2 protein chains.
Amino acid sequence: MSSNRPSPAQPPTLRDVAEAAGVHPATVSRALNPKTRTQVGAETVRRVQRVAKALGYQPNPIARSLKTSRSNTIGLIIPDLTNPLFPPIVRGIESVLEPGGYSSLIVNTDNDPERERVKIESLRSRQVEGLIVATARLDHPLLVELHEQGVRMVLVNRRVEDLEIPYVTADDVTGVTLAVERLARLGHTRIAHLSGPQTTSTGVARARAFRHAVRDQGLEDDPSLIAECAHWSEADGAHALRLLLDRGAQFTAVVAGNDLIALGCYDVFAERGISCPEDMSVVGFNDMPFLDKLRPALTSVRIPHHDIGVEAAHTLLECIEEPARPPRSLLLPVSLVVRDSTARANERRL
Amino acid sequence: MSSNRPSPAQPPTLRDVAEAAGVHPATVSRALNPKTRTQVGAETVRRVQRVAKALGYQPNPIARSLKTSRSNTIGLIIPDLTNPLFPPIVRGIESVLEPGGYSSLIVNTDNDPERERVKIESLRSRQVEGLIVATARLDHPLLVELHEQGVRMVLVNRRVEDLEIPYVTADDVTGVTLAVERLARLGHTRIAHLSGPQTTSTGVARARAFRHAVRDQGLEDDPSLIAECAHWSEADGAHALRLLLDRGAQFTAVVAGNDLIALGCYDVFAERGISCPEDMSVVGFNDMPFLDKLRPALTSVRIPHHDIGVEAAHTLLECIEEPARPPRSLLLPVSLVVRDSTARANERRL
DNA sequence: TTGTAGGCGTTATCAC
DNA sequence: GTGATAACGCCTACAA
């Protein structure tokens with residue numbers, strides 16, 4: 001009876017429960033842990049559980065981590081949470097991690113390798129059990145290093161060259177192909193591509209797919225119709241389009257590396273009095289939110305954001321929980337969402 | 001000697017450093033901790049630091065947490081990371097937390113109280129030292145309960161009634177007033193308000209400010225021109241506007257509770273062939289990204305997203321690090337960003 | 001089936 | 001100034 005703590009809400013520990021249940025702490029530990037519960041008498045288990053609930057016992061995950069050297073935490077490396085591409089992916093990830101008993105620590109790198117190094121350092125010091133990385137570049141020494149150190153990770157939306165790191169991405173090739181096919185069917189014969197940075201697998205894959213698709217449509221694969229954006233941003237998209245235009249390139253449609261780059265095109269259209277889609281068609285990539293409300297509504301390749309997150313998380317958990325099994329990578333299907341930024345080619349522009 | 005670990009990259013511990021430096025672990029601890037460094041001889045400090053760096057020693061935060069019962073982690077409760085309002089706030093928060101040595105655990109509640117309870121539970125079991133809450137409702141028993149338990153927290157963009165919890169919000173009253181003034185100056189005499197949920201302080205504050213502002217402009221404060229949205233969402237915005245329209249309400253402008261609600265209006269305009277801004281002006285609130293690219297570009301009240309995050313984080317850290325000091329709340333300044341969704345009133349509509 | 005004991009890596013509190 | 005010791009809360013051989 002006398003075991004009531006008058007104390008100021010110190011959370012109860014295993015010992016408190018043990019005391020209250022008249023049993024040894026180790027027994028409580030076993031009774032409360034599903035994996036060892038069988039080793040304890042059914043009656044004892046019940047009593048312990050009752051007492052634990054009564055006291056409002058919550059295991060201290062820090063103590064547990066110290067003992068088991070598992071943190072139940074994973075790190076999420078993204079360039080910029082403010083880019084609408086990522087929040088849905090993050091939500092997908094959490095929808096898997098959380099039921100699995102994991103939490104995620106999110107960091108923004110702004111695509112700065114130094115920042116990235118520091119933040120990953122900090123994540124590791126917090127003992128994360130794995131990493132989901134959305135910032136991978138084709139040549140990415142840091143990731144190679146981590147991989148060699150046995151850090152478990154999964155890449156989303158990206159890959160690294162010559163490296164056996166599992167990845168989950170959208171099917172870039174099909175996406176770009178759909179875009180080009182659509183434009184070709186609308187009579188466009190000279191289509192430009194504002195590619196993403198060629199330091200990223202995604203940028204390279206989409207650019208390569210673009211050239212293939214153009215040839216497959218029987219069109220000329222003219223390198224002067226391709227401009228590379230330094231970053232996946234509006235500003236860089238605008239810059240690249242201006243370059244093409246100033247160079248006097250002739251084209252009636254643009255396949256943008258992603259939606260932000262496409263938005264950059266909108267800025268240039270406004271600057272130069274080009275009307276979209278009458279003078280120029282544009283297709284984006286990713287189908288971010290609110291594209292349907294743009295002026296004009298942007299045609300874009302839809303990728304399964306949420307599923308990418310879900311699959312990435314599953315893959316990572318597999319790596320963690322069954323280190324033996326060789327992890328598989330995933331290519332998720334895409335579709336073209338046709339809106340108002342694409343129309344029949346305006347031949348006068350050529 | 002025999003103390004060489006041939007082992008596979010077990011990260012070095014304090015003990016390893018101590019051994020290598022020929023000194024006691026406690027000394028290493030002191031030498032490496034800025035707050036206790038003074039207790040150690042300068043020469044020793046140098047040697048320990050050198051050895052630590054050489055071994056690549058990283059303190060184990062879990063062990064430290066166990067001992068100090070501080071996790072250096074805070075929880076971030078937001079309704080939905082996918083709402084563009086939040087990522088910039090999150091970034092602001094992290095920009096303060098990180099240099100302060102804290103990490104943040106982000107959870108989405110989808111505004112579901114039950115979910116919220118579970119997630120906060122889980123955060124607490126992870127020993128977070130404080131909470132930044134963006135989901136507060138005026139009547140919010142859970143938060144009251146937590147507050148009474150002494151959980152440190154700061155509200156962003158929201159307040160709770162009759163409760164001394166510090167908050168950081170934008171100046172809603174001024175924002176709405178600016179919007180109404182602008183519309184009045186454009187000749188609008190009948191202005192509708194699609195309010196946010198009246199269960200949130202923000203919804204109430206903006207609605208109240210709206211009615212004040214209308215009267216201040218010498219216009220009629222007609223309750224039939226106000227409709228409440230059940231959530232801060234596009235769908236609910238559209239729903240509310242349809243309601244008003246179907247009711248036969250006469251008005252030429254809408255002040256929306258936030259940008260998403262304003263976007264819902266766009267949908268209804270399209271449905272009903274109302275042209276904006278010719279027939280109807282709209283003002284949003286929050287100035288989310290990409291509003292300038294909408295059709296038409298949305299006039300909106302800009303709030304300092306990033307700063308809200310920054311100040312909230314500062315406030316929370318203060319609460320944690322100086323529990324004595326009574327925390328102050330903050331009201332951050334706003335401005336009206338005029339774009340194309342507002343124009344002179346079209347009297348024929350009345 | 002249950003109890004015992006030791007330790008995970010760190011820090012706080014003593015001594016010396 | 002530095003060393004010894006204990007303890008944070010939990011888990012897990014091992015013993016009983």
Side-chain angles (χ1 to χ4, degrees), chain A residues 5 7 9-49 51-52 55-73 101 124-127 129, chain B residues 5 7 9-49 51-52 55-73 101 124-127 129:
Chain A
R5 297 197 160 195
S7 53
Q10 276 290 355
T13 76
L14 214 45
R15 265 231 281 291
D16 298 322
V17 178
E19 227 164 277
V23 73
H24 194 275
T27 306
V28 177
S29 171
R30 286 186 282 247
L32 261 26
N33 186 325
K35 310 198 86 164
T36 51
R37 186 168 301 156
T38 53
Q39 310 168 20
V40 178
E43 171 49 33
T44 315
V45 169
R46 259 194 306 280
R47 183 156 36 98
V48 167
Q49 287 181 326
V51 173
L55 294 187
Y57 170 74
Q58 290 281 109
N60 179 331
I62 294 178
R64 175 182 285 159
S65 287
L66 184 57
K67 184 64 194 172
T68 60
S69 63
R70 304 198 44 192
S71 64
N72 281 295
T73 300
R124 296 195 67 193
S125 83
R126 285 188 174 254
Q127 319 281 139
E129 293 182 39
Chain B
R5 299 192 161 194
S7 50
Q10 278 291 356
T13 78
L14 215 45
R15 266 233 277 293
D16 297 324
V17 178
E19 229 164 275
V23 72
H24 194 274
T27 306
V28 176
S29 171
R30 286 187 282 246
L32 260 27
N33 186 324
K35 309 197 86 163
T36 51
R37 187 168 300 157
T38 52
Q39 311 168 19
V40 178
E43 171 50 32
T44 316
V45 169
R46 260 195 304 281
R47 183 155 36 99
V48 168
Q49 287 180 324
V51 173
L55 294 188
Y57 169 74
Q58 290 283 108
N60 180 331
I62 293 178
R64 173 180 290 162
S65 288
L66 182 58
K67 184 63 193 173
T68 60
S69 64
R70 305 198 40 192
S71 64
N72 282 292
T73 301
R124 296 194 67 193
S125 83
R126 285 191 172 252
Q127 319 279 145
E129 294 182 39

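In what follows, every chain begins at residue 1, and chains take the letters A, B, ... in the order their sequences are listed. Keep in mind that the numbers below use all heavy atoms, side chains included, and drop hydrogens, waters and symmetry copies. Source: prediction; values computed, not measured.
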[X] [atom1] to [N] [atom2]: how many Å, rounded?
X     : N      : atom1 : atom2 : answer
A:R64 : C:dG9  : CZ    : P     : 18 Å
B:L14 : D:dG3  : CG    : P     : 12 Å
B:N72 : C:dT10 : CG    : C1'   : 13 Å
A:D16 : D:dG9  : CG    : P     : 9 Å
A:E19 : C:dG3  : CD    : P     : 13 Å
A:N60 : D:dA7  : CG    : C1'   : 14 Å
B:L66 : D:dC10 : CG    : C1'   : 8 Å
A:R37 : C:dT1  : CZ    : P     : 15 Å

Practice problem: Spell out, as yes or no, whether a donor-acceptor pair under 3.5 Å connects the side chain of B:S65 to the backbone of B:P61. | Solution: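 Confirmed, B:S65 side chain pairs with B:P61 backbone.
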
Quiz prompt | Proximity to the side chain of B:P59 - top-ranked nucleotide from C:dG3, C:dT10, D:dT2 | solution = C:dT10

Using OP1 and OP2 only, check whether a side-chain N or O of [X] sits under 4.0 Å from [N].
X     : N     : value
B:T27 : D:dG3 : yes
B:T44 : D:dT2 : yes
A:S69 : C:dC8 : no

Exercise. Identify the residue among B:Q49, B:E43, B:R47 that makes a side-chain contact (heavy atoms from CB on, under 4.5 Å) with B:V45.
Key: B:Q49

Each nucleotide N or O in nucleotides 12-14 of chain C that has a protein N or O under 3.5 Å away: list the pair and distance.
{"from": "C:dT13", "atom 1": "O4", "to": "B:R30", "atom 2": "NH1", "distance (Å)": "3.3"}

Got a list of side-chain donor-acceptor pairs under 3.5 Å for residues 30-37 of chain B, not counting sequence neighbours?
{"from": "B:N33", "atom 1": "OD1", "to": "B:K35", "atom 2": "N", "distance (Å)": "2.8"}
{"from": "B:T36", "atom 1": "OG1", "to": "B:R30", "atom 2": "O", "distance (Å)": "3.1"}
{"from": "B:T36", "atom 1": "OG1", "to": "B:N33", "atom 2": "O", "distance (Å)": "3.2"}
{"from": "B:R37", "atom 1": "NE", "to": "B:A31", "atom 2": "O", "distance (Å)": "2.9"}
{"from": "B:R37", "atom 1": "NH2", "to": "B:L32", "atom 2": "O", "distance (Å)": "3.3"}

Practice problem: Starting from the 5' end of DNA chain D, give me the residue, A:P25 or B:P25, whose nearest nucleotide shows up first. | Solution: B:P25

Practice problem: Measure the NE2-CD distance between A:H24 and A:E19 for me, rounded to the nearest 0.5 Å. | Solution: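 Here the rounded value is 11.5 Å.
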
Quiz item: Measuring from B:S125:OG to A:I62:CD1, what's the distance to the nearest 0.5 Å?
Solution: 9.5 Å

Quiz item: Taking B:R126 as the fixed residue, which of A:N72, A:N60, A:T73 is the one that meets the side chain to side chain donor-acceptor pair (under 3.5 Å) rule?
Solution: A:T73

Quiz item: So what does A:S65 hit on the nucleic acid, given a heavy-atom distance under 4.0 Å: a base, only sugar-phosphate, or nothing?
Solution: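 The answer is nothing, as A:S65 stays clear of every strand by at least 4.0 Å.
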
Self-check item: Touch class at under 4.0 angstrom, heavy-atom based, for B:P61 against every strand present
Solution: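 The answer is nothing, as B:P61 stays clear of every strand by at least 4.0 Å.
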
Practice problem: May I have all residue pairs that pass salt bridge (charged side-chain N to carboxylate O under 4.0 Å, His left out) and include part of residues 55-73 of chain B, sequence neighbours excluded? | Solution: B:R70-B:E129

